[in-house]
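Read the structure below first, then the notes.
Keep in mind that what you see is a predicted model, and the values were worked out from it rather than measured.
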2 protein chains.
Amino acid sequence: MDLDAVRTFVAVVDAGRFQEAAAHLTITQQAVSKRVAGLEKELAVRLFDRTARGARLTIDGQAFLPHARELLRAEERAAASVRPGSRALRVDVIGRRLAPAELLRAFHRAHPDAELDVVTLFDADAAIAAVRSGAIDASFRALTRQPPADLEATRVYDEPLQLVTGPAHELAAARTVRPGLLAGHRIWMPGLVAGTEWAAYYDDLAAEFGLTIEATGPDFGTEPLLDTIADSATLATFVGELTRLVWPAHQDLRRIPVRDPTPVYPHSLFWRGDNPHPTLTALRAHLRSQRAGEGTWAPRWAS
Amino acid sequence: MDLDAVRTFVAVVDAGRFQEAAAHLTITQQAVSKRVAGLEKELAVRLFDRTARGARLTIDGQAFLPHARELLRAEERAAASVRPGSRALRVDVIGRRLAPAELLRAFHRAHPDAELDVVTLFDADAAIAAVRSGAIDASFRALTRQPPADLEATRVYDEPLQLVTGPAHELAAARTVRPGLLAGHRIWMPGLVAGTEWAAYYDDLAAEFGLTIEATGPDFGTEPLLDTIADSATLATFVGELTRLVWPAHQDLRRIPVRDPTPVYPHSLFWRGDNPHPTLTALRAHLRSQRAGEGTWAPRWAS
DNA sequence: CGCGACTACAACCCTGCGTTGTGCACCTAG
DNA sequence: CTAGGTGCACAACGCAGGGTTGTAGTCGCG
């Protein structure tokens, strides 16, 4: 479908006549006629009743019109998403199913008019560079060190970890589990990429509590991981409490909170202090900064 | 913006490489390269980082991607809106600001997934013909006579009428007004088109209560009408209680219910009995049929 | 019945897109 | 370090398609 033809269709509707639409588009009436005819041919319906006093929409044309306008609006939004200046707030999240994306969804529910573009960069360092350059407006990341002086940051959410096991696992029936108890167990996290801040987090977690975290093997995504976990009596994995997980009922997986202490993943938000984007202001107001809670554990770099 | 280029962009994202995307689209790799380059030129941003192992999205590309997918979905919906078979439920309403449109909005809130296309035909006869031919699925209209035997109909809403006056009008302070009291007053309704079922309704209303309803002058729309009403001590107009009206605060208009009896506009829904559209079933279930209430007036043909 | 308003059809031209052919950069294996 | 493979970009060419000018046809109205 040719968007120029759709634009022409809408112009004819608004003008009421092909000639006037042609004048607005600064093309000839014949070109308008051709474009509309081409659109009608592609859709295999007549969109206008041509009369000696102009053009009136057919029933099909009336039904098509709102979709045509929406199509043009979508085109405009798409173009605006990459237009420097006056674009939607662009935010980096560590993953689309993880807690920061959830926080963004909650923000969007509270501010339905706020335009957001969500991206995922390689790691916190890439996010810092992107925020500094202005390529993105803000980033949800855990910060393993102080951010550069030209950036502002706030701790927004300490996310408690949960253990995911299959029904045959030794801990499957536990209501909660202490991290020290996991020392002998195999924790499988195939997604970990060395050098990222989240790999650093799980390194520190493993070192603190003597865990065995395996990142071996290729990462085929969440579903194959859950498949394997569900069938294993020895493998388990970690997820954050807000992580979106869905699994078939027959897999009978369990999410077991970890307690005493509760390992938490320290999500921060950071942004450039000189960024005037109003949606950024609203987002910061929406997120309460938080301090470490009692009975929780986080890496030393998070304090 | 060329939708084929957008489609190609998405194909490259999904494939991860230009070559594979080209194979899926059954064009050459060079054509894919050209299309993406053209899109990048139009948007004035780089969408991919080209490497020896394929193409990875840039930050701008990541931001653009969801808008691109939405654009293609909008295209598909637009095409589907005029595709015979398996299209959205197409319903005729008497006007987009009047009660039937409001009932449809309520239905849509209750069934957010239901796809609706709203059209407005000339009058009830045109709507009957369109429903019979299958051009539309259903219509909200007042029926001045029994519908053809192959159509089903149900009375869905008797809408009480209100009088709209400016602050200087003699009845401006009234809490309610009896229709007989309006006998000497001028009711101005410039939108009335002779031959339509709504003109017939107001004809009957005027005859019953001895009103003077003027339909003179061209119809410039609701706003100029309200402008005139607001400044006049003698002109008033009728609206339905669900009619959407907004006016500037300084106009100080009033909507006065009409009582004893309450003239009601008899909205019906009708459709073809053999139409299997599931959304039509849901719409009928959502609308309760209603009988004439006590103390109301409607034309004899509505009973 | 002729005129004015409006759109469709025809012929021509040129832009632009897709193709083939080729070059260049990068990664990897030996 | 080099040779080979992989993957994208550039160049040249040919054709389809969209825009323009010119003209015909239709409808409503005085």
Report all interatomic pairs (protein N or O, nucleotide N or O of nucleotides 14-17 of chain C) with separations under 3.5 Å.
none

Just jot down the salt bridge (charged side-chain N to carboxylate O under 4.0 Å, His left out) partners of A/E20, sequence neighbours excluded, or say none.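 Partners of A/E20 by the salt bridge (charged side-chain N to carboxylate O under 4.0 Å, His left out) criterion, ordered by chain and then number, come out as A/R17.
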
Mind checking salt bridge (charged side-chain N to carboxylate O under 4.0 Å, His left out) for A/R46 and listing every partner two or more places apart, or none if nothing turns up?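 Expected list: none.
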
Give, ordered by number, those residues of residues 14-24 of chain A having at least one heavy-atom distance below 4.0 Å to an atom of DNA chain D; if nothing qualifies, reply none.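 None, since no heavy atom is under 4.0 Å.
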
side-chain hydrogen bond (donor to acceptor under 3.5 Å, both in side chains) contacts in which one or both residues fall within residues 189-198 of chain B, not counting sequence neighbours: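 Checked against side-chain hydrogen bond (donor to acceptor under 3.5 Å, both in side chains) - neighbours excluded - the pairs reaching residues 189-198 of chain B are B/R141-B/E197.
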
Pair listing, side-chain hydrogen bond (donor to acceptor under 3.5 Å, both in side chains) test, anchored in residues 121-136 of chain B, at least two apart: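 Matches after skipping sequence neighbours: B/D125-B/R145, B/R132-B/D150.
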
For A/G38, answer base if it contacts any base atom (sugar-phosphate contacts may also be present), sugar-phosphate if it contacts only those atoms, and nothing otherwise; contact means non-hydrogen atoms under 4.0 Å.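 Answer is nothing: A/G38 stays at 4.0 Å or more from every strand.
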
How would you list, by chain and number, every residue that makes a side-chain hydrogen bond (donor to acceptor under 3.5 Å, both in side chains) with B/E70, sequence neighbours excluded?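 Here the qualifying residues are B/R73, B/R77.
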
Test ring-ring contact (aromatic ring centres under 6.0 Å, His included) applied to [X] - qualifying residues, sequence neighbours left out:
{"X": "A/Y265", "result": "A/Y201, A/H267"}
{"X": "B/F270", "result": "none"}
{"X": "A/F140", "result": "none"}
{"X": "B/Y202", "result": "none"}

Base of C/dG21 paired with side chain of B/Q30 (donor-acceptor, under 3.5 Å):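 Such a pair is found, so the answer is yes.
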
What does nucleotides 23-30 of chain C look like as a protein-contact string, B for base, S for sugar-phosphate only, - for none, at under 4.0 angstrom between heavy atoms? ---BS---

